[in-house]
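Counting starts at 1 for both ligands and their atoms, in listed order. Note that these values count all heavy atoms, side chains included, but never hydrogens, waters or copies made by symmetry. All values derive from a computational prediction rather than experimental measurement.
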Amino acid sequence: MSKKIILSGIQATGRLTLGNYLGAIDNWLTMQEEYECYYMIANLHSLTVRNDPEVLKNNTLKILATYIAAGLNPEKNTLFIQSQVSEHAELGWILDCYTYMGELSRMTQFKDKSQKHSDNINAGLFTYPALMAADILLYQADLVPVGEDQRQHLEITRDLAERFNKIYGETFVIPEAYVRKESARIMGLQDPTSKMSKSATNLNDVIFLEDEPEVILKKFKKAVTDSENKVKFDPENKPGVSNLMQIYAAITNKTMEQIEQEFDGKGYGDFKITVANSVIEKLKPIQDKYQELLNNKEYLEKIYLKGAQEAKKIASKTLRDVKDKIGIL
Ligand code: TYM
């Protein structure tokens, strides 16, 4: 039996966060043995907000370096840059023509982002999910490992695939979201009621993967908790503490009960330091490898060129089939 196919990606905008790592990359690592995996850097999606061109180029390489440093083996996974496989943009356009304005206007990410960037609510931001659907459907992906915030985009991808299959016959595999419970939604350290985000204005809210150990420790020490001084998992009433527990659980694989027991009778001070140290220890080897890779641009170039070539083989087959079915010569 052939292996199941995985596809996922991260936008090339901004610096990667602990949310990106735990919600996405860390889960991808466990999949590389069992599945056929495609991981891309979504640099076309990045154009939906304004970027400095040099920064965008650098970020694209930084994300590739992070993938490899985190442990994605480029021999076992296809690592590529979205823009280098032109089929993405082509299928994206075709799918635009099968996506309804109504369904796009219901996307929470569109609503959030258009509020944040009210001076630049562009058409790309609106049709973003159709391009994301193209990313996934081109590879006939079975599973898409993402954080909770991308679930709605997976739903629309499934709807589009089903719609297309219904009109033209079996064309696309209907993909499923794979969302790991512990790390589905890592929240901000200062505002634990909203997700940890690259674009946070308060830098203490976010752990960036590039943060130095002292900075990580400082940010965790400042993390918002509550006045009960009891480590207990209760996201509704204790969002700050529960978020720290979730981070700790995702890193150590401990259960919430084990964590509650571990810190029974201890204050938040000890708890925060332990969580911080677990993050520091997890990130340290990744940070070291990352720096080494960034100093070796030639190697990175080799990987992404090979990745694009491999990705194109699959993507072009799907696109040809789609074009044949809809009458595009
Ligand atoms: P992006 O770049 O916003 O985020 C990349 C991945 O990180 C996850 N994530 C989080 N998970 C848990 N807690 C958080 N605080 C957190 N913040 C981010 C996201 O859920 C995501 O899995 N549209 C996508 C990129 C994309 C894509 C694709 C993903 C483009 N094409 C095809 C999968 C398949 C995005 O903007 O993710």
Novice: Other than L56, what residues sit in its cluster of Ile, Leu, Val, Met, Phe, Trp and Tyr side chains whose heavy atoms are under 4.5 Å apart, directly or through others?
Specialist: L44, L47, L131
Novice: What pairs with N20 under side chain to side chain donor-acceptor pair (under 3.5 Å), at least two apart in sequence or on another chain?
Specialist: T17
Novice: Considering the options N27, D26, T66, which one meets the side chain to side chain donor-acceptor pair (under 3.5 Å) requirement together with Y21?
Specialist: D26
Novice: Can you check whether L209's main-chain N or O pairs, donor with acceptor, with R15's side chain at less than 3.5 Å?
Specialist: no
Novice: Given 3.5 Å as the limit, does a donor-acceptor pair link the side chain of Q291 with the main chain of D288, or not?
Specialist: no
Novice: List in chain and number order the residues that pass side-chain contact (heavy atoms from CB on, under 4.5 Å) with E75, two or more places apart in sequence or in another chain; answer none if no residue qualifies.
Specialist: N73, K306
Novice: Ligand 1: which protein N/O atoms lie under 3.5 Å from its N/O atoms?
Specialist:
residue	atom	partner	partner atom	Å
ligand 1	2 (O)	Q11	N	2.9
ligand 1	2 (O)	K198	NZ	3.4
ligand 1	4 (O)	N20	ND2	3.3
ligand 1	7 (O)	N20	ND2	3.1
ligand 1	11 (N)	G19	O	3.3
ligand 1	13 (N)	I186	N	2.8
ligand 1	15 (N)	I186	O	2.8
ligand 1	15 (N)	M196	O	3.0
ligand 1	20 (O)	G147	N	2.8
ligand 1	20 (O)	D149	OD1	2.4
ligand 1	22 (O)	G147	N	3.2
ligand 1	23 (N)	Y128	OH	2.7
ligand 1	23 (N)	Q150	OE1	3.2
ligand 1	31 (N)	D135	OD2	2.6
ligand 1	36 (O)	Q11	NE2	2.9
ligand 1	36 (O)	Y128	OH	2.6

